[in-house]
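Each chain gets a letter, A, B and so on, in the order the sequences are listed, and its residues count up from 1. Hydrogens, waters and symmetry mates play no part in the numbers below; they use all other heavy atoms, side chains included. All values reported here derive from a predicted model rather than from experimental measurement.
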There are 2 protein chains.
Amino acid sequence: MKIKQIKAIKATLDIVCGKWKAAILLVLVDKTLRFSEIKARLPKVNHQTLIKQLKDLERDGLITRTKYDDIPPRVEYTLTEYGKELEQLLKDMMDWGEKHLDLKNKKYIDDDILVKEES
Amino acid sequence: MKIKQIKAIKATLDIVCGKWKAAILLVLVDKTLRFSEIKARLPKVNHQTLIKQLKDLERDGLITRTKYDDIPPRVEYTLTEYGKELEQLLKDMMDWGEKHLDLKNKKYIDDDILVKEES
DNA sequence: CAGCATCCGTTGGGATACTG
DNA sequence: CAGTATCCCAACGGATGCTG
C-alpha cells in the first residue's frame, strides 16, 4: 500500500510546508495568541502573508480562529487537538535537523526565520 | 532557544518538501535502485524533474549516487544513514496524515503522486 | 541509459493601499 | 486591530531537445 502511504505523507507535508507554518505552530504551542501577538513574535513575516498562512492552517484544521466583537477588534488563534498532536512531529524534525544539518553554514538555512525570544 | 528550534525544523522541511522528495525516499527505503528503476516506480514524475530532485537529495546528504562506467551507463542511488534515519519521521507523518486527514476528498491531495505497487 | 541546457507557466510569498 | 483586494516577482516543477 505504498500509494496510500505516500499520499498521507505528502498531505501532511503540504500542510506544514508553508514558509511560516512551522514557526506559527511553534509559537502557538505555548499558548493562545492574538494576531498582533503572533506578529510580534515573528517580526519578519509580512502582514498579508501571515493572514494567508493562518487561514491555511485554519482551513486544514490545525488552529481555530476566535473573533471577539470588541472595539478595537480582537482575534485569537489556538491550536486544535490535531495541531497539538503535530508538536511531537515538529520536535522530531528538530532533532533530526540538529543532528544532521550544519545549521550555521549551509545555504538551506533561511535567515528570514526569526522568532522573538520570550521577554 | 526558539530560534534555533525553528531553524532546525525549517531546514528539515526544506529538504523534504520537494514535490517528489518524500516519494523518492520511500522507494529507496526498500533497496538501492537505478535511475530507471526509480522512474519506473514513479511513472508520473518528469525525467528532468526527477534528476533535479535526486541532485537536491544528494547535495543534502540523504542519498548517495554511484556511477558505474558501463555501457550503457548505470547509476545507482542509495539512502545514506541520514536518509535512513528519516524513515521513522516519514512514518510518523504518515500516521498523523492518516489519522487526521480525509485523504479521499480533500483538495490538498495531489493526485500526481503515484507509485507503482511492487509487482 | 542517464544527464545537461534552456525555456516556460504556475504558484506562493511579499508589497501596497484601503476598510470596519 | 485585523482583514480584504490587487499586483508583482522569484522560484520551482515541468516540457523539449541534445549529448556521451
_Where at least one partner belongs to residues 37-93 of chain B, residue pairs that pass disulfide (SG to SG under 2.5 Å), sequence neighbours excluded_ = none

_disulfide (SG to SG under 2.5 Å) contacts in which one or both residues fall within residues 38-93 of chain A, not counting sequence neighbours_ =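 The answer is none; no pair qualifies.
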
All side-chain hydrogen bond (donor to acceptor under 3.5 Å, both in side chains) counterparts of [X], not counting sequence neighbours:
| X | result |
| --- | --- |
| B:Ser36 | none |
| B:Gln48 | none |
| B:Lys55 | none |
| A:Gln53 | none |

*Pairs involving residues 24-59 of chain B, ordered by first then second residue, that meet ring pair (Phe, Tyr, Trp, His ring centres under 6.0 Å) (sequence neighbours left out)*: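 For residues 24-59 of chain B: B:Phe35-B:His47.
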
*Would you mind reading off the distance between B:Glu76 atom CD and C:dA2 atom C1', rounded to a whole angstrom?*
13 Å

*Round to the nearest Å and state the distance from B:Leu33 atom CG to C:dA2 atom C1'.*
15 Å

*What is the bend of the helix from C:dC1-D:dG20 to C:dG20-D:dC1 when you compare the axis at one end with the axis at the other, using five pairs each and rounding to 10°?*
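The end-segment axes of the helix from C:dC1-D:dG20 to C:dG20-D:dC1 are tilted 40° relative to each other.
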
*All ring pair (Phe, Tyr, Trp, His ring centres under 6.0 Å) counterparts of A:Tyr77, not counting sequence neighbours*: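 Testing A:Tyr77 for ring pair (Phe, Tyr, Trp, His ring centres under 6.0 Å), a comparison that skips the adjacent residues, returns none.
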
N or O in side chain of [X] less than 4.0 angstrom from [N] OP1/OP2:
| X | N | answer |
| --- | --- | --- |
| B:Lys39 | C:dA2 | no |
| B:Arg65 | C:dA2 | no |
| B:Arg34 | C:dC1 | no |

*With sequence neighbours excluded, residues passing side chain to side chain contact (heavy atoms under 4.5 Å, CB included) with B:Lys84*: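 Applying side chain to side chain contact (heavy atoms under 4.5 Å, CB included) to B:Lys84 gives B:Leu79, B:Glu81.
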
*Between B:Asp95 and B:Lys91, does at least one N-O distance fall below 4.0 Å, as a salt bridge requires?*
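A salt bridge is absent here (no side-chain N lies under 4.0 Å from a carboxylate O).
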
_How would you summarise protein contacts on nucleotides 13-20 of chain C per nucleotide, using B for base, S for sugar-phosphate only and - for none, with heavy-atom distances below 4.0 Å?_
BBBB---B

*Walk along DNA chain D from 5' to 3' and tell me the first and last nucleotide with an atom closer than 4.0 Å to a non-hydrogen atom of chain A.*
D:dC1 to D:dA5

*Do the rings of A:Tyr82 and B:His100 sit parallel, tilted or perpendicular, given the 30° and 60° boundaries?*
tilted

*asked:* At 4.0 Å (heavy atoms only), tell me whether A:Tyr68 reaches a base, stays on the sugar-phosphate, or touches nothing.
replied: nothing

